There are 2 protein chains.
Amino acid sequence: MNNAPDSAAAPRWLTAEEQHVWRAYLHATTLLEDHLDRQLQRDAGMPHVYYGLLVGLAEAPRRRLRMTELAMQAKITRSRLSHAIARLEKNGWVRREDCPADKRGQFAVLTDEGVEVLRRTAPGHVAAVRQALFDRLSPEQQKALGEIMEIVAEGLQPKEAGADLPWLR
Amino acid sequence: MNNAPDSAAAPRWLTAEEQHVWRAYLHATTLLEDHLDRQLQRDAGMPHVYYGLLVGLAEAPRRRLRMTELAMQAKITRSRLSHAIARLEKNGWVRREDCPADKRGQFAVLTDEGVEVLRRTAPGHVAAVRQALFDRLSPEQQKALGEIMEIVAEGLQPKEAGADLPWLR
DNA sequence: GGCGGCTTCTTGAAATTTGAACAAGCGACG
DNA sequence: CGTCGCTTGTTCAAATTTCAAGAAGCCGCC
């Protein structure tokens with residue numbers, strides 16, 4: 001029954017200010033994610049994550065990415081990606097293609113229809129992001145937000161090789 | 001086929017910096033949410049949202065809240081809450097109680113077992129939040145984050161009465 | 001009283017996500 | 001060559017979430 005680090009020791013609770021910040025964070029992030037999810041579901045017929053998959057493919061070299069790469073880029077499991085691509089395939093927005101170099105591999109390829117969906121819906125999505133976030137923040141706040149988020153992400157990054165194998169150092 | 005506001009006009013794309021901030025935001029928030037979800041699933045046997053429900057109840061006057069209130073506090077739909085409470089009830093952590101004043105109403109009540117689960121798992125959760133977020137940010141950054149998140153939340157708040165009925169002003 | 005509109009909460013089915021298990025291919029190494 | 005360990009992607013079942021109804025009570029008002 002081992003919890004997180006030193007959970008048995010006297011816990012350092014959050015201070016009042018920290019608690020305030022944390023609640024604001026949870027509040028805002030869930031509201032924003034819900035907002036964008038509904039916006040995209042309404043205007044593009046897919047959840048935010050799926051939209052992110054299409055964007056990822058659109059930016060990739062030949063509008064294609066190996067499943068694993070795409071999964072990492074979107075920070076979702078391969079399993080989840082399999083299901084998602086199956087759904088997007090049914091929509092005609094993505095197509096699967098075998099990888100010649102590795103017979104296990106599959107490419108997810110953005111179809112022309114997929115490109116078209118993005119072309120049609122991206123402006124509305126950008127507008128939503130802008131209205132919810134950037135239009136409300138000062139340049140300094142935008143900069144601060146970027147820095148903060150980078151720090152947080154860095155601390156949670158899927159560990160690099162050997163990072164958790166200290167006996168290898 | 002009406003998208004978001006003025007999506008037909010020449011879209012104002014995100015600048016390079018904005019895009020950078022936005023990606024950092026998405027990256028960090030999904031990593032953090034996944035991290036906490038896994039942490040709580042592992043140590044408390046429930047997802048982050050469910051944990052939030054227990055916390056909400058724990059802080060309420062008699063460890064109880066009407067379903068609608070709890071749903072609003074957690075920012076989820078009543079439907080979702082119904083299912084969630086059913087699950088937590090099966091765990092023995094929450095119990096339903098009729099509302100005497102309104103026969104339609106139900107209270108969700110945190111049981112002693114529920115309290116115990118929180119007592120046992122809260123320290124680990126706080127530690128995780130601290131390690132992922134507060135331990136990495138300067139006091140100024142924490143303050144900035146709080147302000148930013150408040151602004152964002154304010155802009156997405158479920159609209160108050162008449163907010164979208166300008167002809168009423 | 002009782003009707004109409006609203007609120008409260010639940011339900012059931014479909015969609016999505018999770019987690020474990022699996023088939024198949026890769027690749028190094030004896 | 002073989003086979004062991006690892007990677008790739010999928011699949012299944014269970015859990016969770018969404019969405020569209022729907023049952024029941026409340027409330028104001030005639």
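Quick note on labels: first sequence line is chain A, next is B, and so on, each numbered from 1. All values derive from a computational prediction rather than experimental measurement.
For residues 48-55 of chain B, proximity to DNA chain C is found at no residue, defined as any non-hydrogen atom under 4.0 angstrom from a strand atom. Within residues 59-75 of chain B, the residues approaching DNA chain C are Arg66(B), Met67(B), Thr68(B), by heavy-atom distance under 4.0 Å. Within residues 92-105 of chain A, the residues having any heavy atom under 4.0 Å from DNA chain C are, by residue number, Asp102(A), Lys103(A), Arg104(A).
Here Arg38(B) pairs with Asp34(B) under the side-chain contact (heavy atoms from CB on, under 4.5 Å) rule; sequence neighbours left out. Taking Ala122(A) as the reference, Tyr51(A), Trp13(B) meet the side-chain contact (heavy atoms from CB on, under 4.5 Å) condition, with sequence neighbours excluded. Scored by the side chain to side chain donor-acceptor pair (under 3.5 Å) test, His20(B) finds Glu150(A) as partners (sequence neighbours excluded). Not counting sequence neighbours, the partners of Glu33(A) by the side chain to side chain donor-acceptor pair (under 3.5 Å) test are His48(A). Listed by chain and residue number, Leu57(A), Met67(A), Leu70(A), Ile85(A), Val94(A) satisfy the side-chain contact (heavy atoms from CB on, under 4.5 Å) test with Ala108(A) (two or more places apart in sequence, or in another chain). Residues forming a side chain to side chain donor-acceptor pair (under 3.5 Å) with Arg119(B) (at least two apart in sequence, or on another chain): Glu116(B).
Contact check for Lys103(B) versus Cys99(B): no side-chain heavy atoms found under the 4.5 Å cut-off. Within the 4.5 Å cutoff, side-chain heavy atoms of Leu32(A) are placed close to those of Leu156(B). The shortest side-chain heavy-atom distance between Thr77(A) and Leu81(A) does not fall under the 4.5 Å cut-off.
Applying the salt bridge (charged side-chain N to carboxylate O under 4.0 Å, His left out) test to every pair with at least one member in residues 63-86 of chain B, sequence neighbours left out, gives these pairs: Arg63(B)-Asp112(B), Arg64(B)-Glu97(B), Arg66(B)-Asp102(B). Within the structure, every pair that satisfies the salt bridge (charged side-chain N to carboxylate O under 4.0 Å, His left out) test and touches residues 129-139 of chain B, not counting sequence neighbours, is listed here: Arg12(A)-Asp135(B), Glu18(A)-Arg130(B).
Between Leu40(B) atom CG and dT16(D) atom P there is a gap of 13 Å when expressed in whole angstrom units. We find that CG of Asp34(B) is positioned 11 Å from P of dT17(C), with the value rounded to whole Å. Between Lys90(B) atom NZ and dA14(D) atom C1' the separation is 11 Å, expressed in whole Å. In this structure, CG of Asp37(B) is placed 8 Å from P of dT18(C), rounded to the nearest angstrom. The CZ atom of Phe107(A) sits 9 Å away from the P atom of dG9(D) (whole-angstrom rounding). Between the P atom of dA14(D) and the CE atom of Met46(B) lies a distance of 23 Å, rounded to the nearest Å. One interatomic measurement links the two molecules: CD1 of Ile76(A) to C1' of dT16(C), which rounds to 11 Å at whole-angstrom precision.
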Using nucleotides 19-21 of chain D, report all nitrogen or oxygen pairs with the protein that are shorter than 3.5 Å.
from    : atom 1 : to       : atom 2 : distance (Å)
dC19(D) : N4     : Ser79(B) : OG     : 2.5

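One side chain, Gln39(B) or Asp43(B), offers a donor N or O that lies under 3.5 Å from an acceptor on the other.
At least one donor-acceptor pair closer than 3.5 Å links the side chain of Gln141(A) to the backbone N or O of Ser138(A). In this structure, the side chain of Gln142(B) engages the main chain of Phe134(B) through a donor-acceptor pair within 3.5 Å.
Along DNA chain C, the nucleotide nearest Arg78(B) and the nucleotide nearest Pro47(A) are compared for position; the residue whose nucleotide lies closer to the 5' end is Arg78(B).
Within the structure, a side-chain polar atom (N or O) of Arg87(B) is placed less than 4.0 Å from OP1 or OP2 of dT16(D).
Of the candidate nucleotides dT16(D), dT10(C), dT10(D), dT10(D) has the atom lying nearest to any side-chain atom of Gln106(A).
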